[in-house]
Amino acid sequence: MENNKKIKYSINKQLAFSFMLVIVFILVACFITNNLFLEKYYLVKKQRVLVNAYDTLNEADKSNSFRSEEFDDRLRYICDKYSLDVLVVDSDSRTIKYMGKDAKELKLNLWQYIFFKNEARALTATDNYEISISADGYSEVEFLDIWGNLDSGKLFIIRTALDSIHESVEISNTFLAYTGLVAIVVSAFIIWYVSRMITKPILDLAKISERLKMLDFEAKYTPSKKRFDEIDVLGENINDLSASLEHTISELKTANNELQRDIEQKMKTDEMRKEFLSNVSHELKTPIAIIQGYAEGLIDGVTDDPDSMKYYCEVIVDETKKMNSMVKNLLSLNQLEFSSDTITLERFDIVLLIKNVISSADILAKQSGIEIQFTENDPIYVWGDEFKVEEIVTNYISNAINHCEYDKKIDIKLELNETKAKIIVFNTGNPIPEDSIERIWDKFYKVDKARTRAYGGSGIGLSIVSAICNAMNTEYGVINYDNGVAFWFELDRK
């Protein structure tokens, strides 16, 4: 179904408008600040220049270097640099030092300040000098003057025109207005381009999400090669989400297919039960026949010899034990296969468990002349059902003892990595035939039936191992070697 929702407020336009608003605000603020404070700032700077010039005159007067060429050069540099006119006179009105355009006019202004108190606007005053703003009566040009006396008593006046300040402020504001307009136009294009670059991948993600809504998992976001930003992270997360959804749907379909298979499997349950009863009956038939035969012989008085009678009884007891062991194994296997036996995962030392099993099997191994090797001593902790794991190790070691030949050695090893511990039980002997490798885990399957019968095996031990490993969701298997066979299984370390 198509998405009829339309974008009401585009992020592209919002970004562009917001940035443009900020730029216009900054430019207007700069323009207002220029108009209100630039002239005052210039005026303060000029006052500092006049004070510095006064300090220069005063220091030269104190050091008697007033008439030196070095001082003249320095004063000329200051006057040229800051557009200053300087006049210094003694108490008799004789000019001592002058630099500027019109010495008479400067002297006239000085006398007006001293004797007539002209209508100049005073800005700053100290014991030695006063800084004022005056205006020419004819040209109406404003001047900034500092006048007064040096420490020696000499009179002075330093003047600079304020027209340059007004002109500078006007030029600055005009220039700012033009450059501001150009900046706004250029910024508009740049911001529009940048905002499109930002919003384009967002729109791509919106289109991809639209396709995902339609379960189109081919839609993928391609991150930028030049940069990797937050949008690219979001895009990759959406890619992961798409893959996860696809995998989940695949699992659901698989589960549905498995459900169909389970329904079909239920129809085969009766046949499996019949097969199971047939196998059990077959396995129990031989020991029952032996027990019956020996028991009837005792009842009929086949022999009166005590040793023979004892032998008959031992055979009956031995066959009874085999039947009891088989029934227990069948019950245990049944509980595992039908999930009626609870698996309790706990942390325990696998090294200690293996040593305990070896200790229990030591007598049987020595009776058969078998050497069991296990060199691990340091504790290694794993996760699993400790009782069930002990049952696996016991089955593997018992199986190894029953099939050990040639060098009569059983080697138990642990292979470790960061997350897993692999337990391997190797025995010297004949390899398992290739056509039996996959079937040794089946119930009642025996590679060598005569040999299995000789040591009382029922073909259930490895089936129990398989059921326990499946219940704990752990890996297991067998590997053939030229000189023997290695059975293994894994446990989690973390």
Side-chain angles (χ1 to χ4, degrees), residues 33-62 65-90 93-176:
T33 302
N34 263 13
N35 275 292
L36 292 178
F37 302 107
L38 186 59
E39 186 171 343
K40 294 179 181 179
Y41 175 75
Y42 276 2
L43 191 60
V44 171
K45 292 287 288 184
K46 282 292 186 180
Q47 290 182 64
R48 290 179 184 173
V49 169
L50 293 178
V51 171
N52 289 336
Y54 162 76
D55 290 337
T56 301
L57 290 175
N58 210 19
E59 289 297 323
D61 186 37
K62 288 179 181 180
S65 60
F66 228 46
R67 301 182 184 279
S68 67
E69 292 184 4
E70 182 179 354
F71 174 72
D72 285 345
D73 292 338
R74 183 181 178 189
L75 185 61
R76 186 175 294 106
Y77 170 78
I78 293 173
C79 292
D80 291 342
K81 182 177 181 180
Y82 299 108
S83 300
L84 303 180
D85 295 332
V86 178
L87 175 68
V88 180
V89 298
D90 59 13
S93 189
R94 288 178 297 183
T95 301
I96 298 173
K97 181 64 64 178
Y98 166 73
M99 281 194 182
K101 298 178 180 178
D102 192 342
K104 291 182 179 180
E105 184 178 348
L106 277 178
K107 188 179 290 187
L108 178 61
N109 278 274
L110 178 60
W111 300 144
Q112 286 178 344
Y113 275 123
I114 295 173
F115 298 112
F116 301 106
K117 301 293 183 182
N118 62 0
E119 297 180 356
R121 179 162 55 95
L123 299 178
T124 304
T126 67
D127 292 339
N128 287 357
Y129 62 81
E130 179 180 305
I131 300 177
S132 303
I133 295 178
S134 62
D136 187 288
Y138 299 101
S139 62
E140 296 184 355
V141 175
E142 286 189 324
F143 296 95
L144 182 65
D145 299 329
I146 181 171
W147 61 274
N149 58 277
L150 303 178
D151 290 344
S152 62
K154 296 181 178 68
L155 300 175
F156 77 93
I157 184 171
I158 304 173
R159 164 173 285 190
T160 182
L162 287 180
D163 282 351
S164 60
I165 296 178
H166 300 314
E167 185 180 0
S168 296
V169 172
E170 184 179 352
I171 292 172
S172 175
N173 287 332
T174 305
F175 180 76
L176 183 61

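All figures in this text were calculated on a predicted structure; none of them were measured in a lab. Just the heavy atoms: all of them, side chains too, but no hydrogens, waters or symmetry mates, feed the values below.
In this structure, the side chains of Leu123 and Gln47 come closer than 4.5 Å at one or more pairs of heavy atoms. Contact check for Leu144 versus Leu43: side-chain heavy atoms found under the 4.5 Å cut-off. Contact of the Arg159 side chain with the Leu87 side chain is not registered, since no non-hydrogen atoms from C-beta on lie closer than 4.5 Å. When side chains are defined from C-beta on, Val44 counts as touching Arg48, because their heavy atoms get closer than 4.5 Å. In this structure the side chain of Asn52 never reaches within 4.5 angstrom of the side chain of Ile78, judged on heavy atoms.
The backbone N or O of Ile131 lies less than 3.5 Å from no partner atom in the side chain of Thr124, so there is not a single donor-acceptor pair. With Asn58 contributing its side chain and Asp151 its backbone, the two residues share a donor-acceptor pair below 3.5 Å. Checked by atom type and distance alone, the side chain of Asp90 pairs as donor or acceptor with a backbone atom of Arg94 at under 3.5 Å.
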side-chain contact (heavy atoms from CB on, under 4.5 Å) between Asn128 and Asn149, worked out: CA-CA 6 Å; Asn128 287 357; Asn149 58 277; 4.1 Å; yes
Applying side chain to side chain donor-acceptor pair (under 3.5 Å) to Glu70 and Ser68, what does each step give before you reach the verdict? CA-CA 5 Å; Glu70 182 179 354; Ser68 67; 5.6 Å; no
Should Trp111 and Val89 be marked as a side-chain contact (heavy atoms from CB on, under 4.5 Å) after you check the CA-CA gap, both sets of side-chain angles, and the distance that decides it? CA-CA 11 Å; Trp111 300 144; Val89 298; 4.1 Å; yes
Is there a side-chain contact (heavy atoms from CB on, under 4.5 Å) between Lys46 and Leu50? Walk through the geometry before answering. CA-CA 6 Å; Lys46 282 292 186 180; Leu50 293 178; 5.6 Å; no
Apply side-chain contact (heavy atoms from CB on, under 4.5 Å) to residues Asp72 and Met99 and explain how you reach the verdict. CA-CA 9 Å; Asp72 285 345; Met99 281 194 182; 4.3 Å; yes
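Of all the heavy atoms in Ile146 and Phe156, the pair that sits closest is O-CE1, 3.5 Å. Scanning all heavy atoms of the two residues, the minimum distance from Tyr82 to Val49 falls at CG-CG1, 3.4 Å. Scanning all heavy atoms of the two residues, the minimum distance from Ala122 to Ser132 falls at CA-OG, 3.7 Å. Here the closest heavy-atom approach between residue Gly100 and residue Asp85 is recorded as CA-OD1, 3.3 Å. Closest heavy-atom contact between Ile158 and Ala53: CD1-CB, 3.8 Å. Here the shortest heavy-atom pairing between Ala60 and Phe71 reads CB-CE1, 3.2 Å.
In this structure, a donor-acceptor pair under 3.5 Å is present between the side chains of Lys107 and Thr95. Side-chain contact, Ser134 with Asp145: a donor N or O sits under 3.5 Å from an acceptor N or O.
In this structure, the ring pair (Phe, Tyr, Trp, His ring centres under 6.0 Å) partners of Tyr129, at least two apart in sequence or on a different chain, are Tyr54.
Note that the NZ atom of Lys104 and the CG atom of Asn109 stand 14.5 Å from one another [nearest 0.5 Å].
Each of Lys97, Lys154, Arg67 was checked for a salt bridge (charged side-chain N to carboxylate O under 4.0 Å, His left out) with Asp61, and the lone residue meeting it is Lys154.
Under a cut-off of 6.0 angstrom, the local environment of OH in Tyr98 is crowded, with over 12 non-hydrogen atoms contributed by other residues, nucleotides or ligands.
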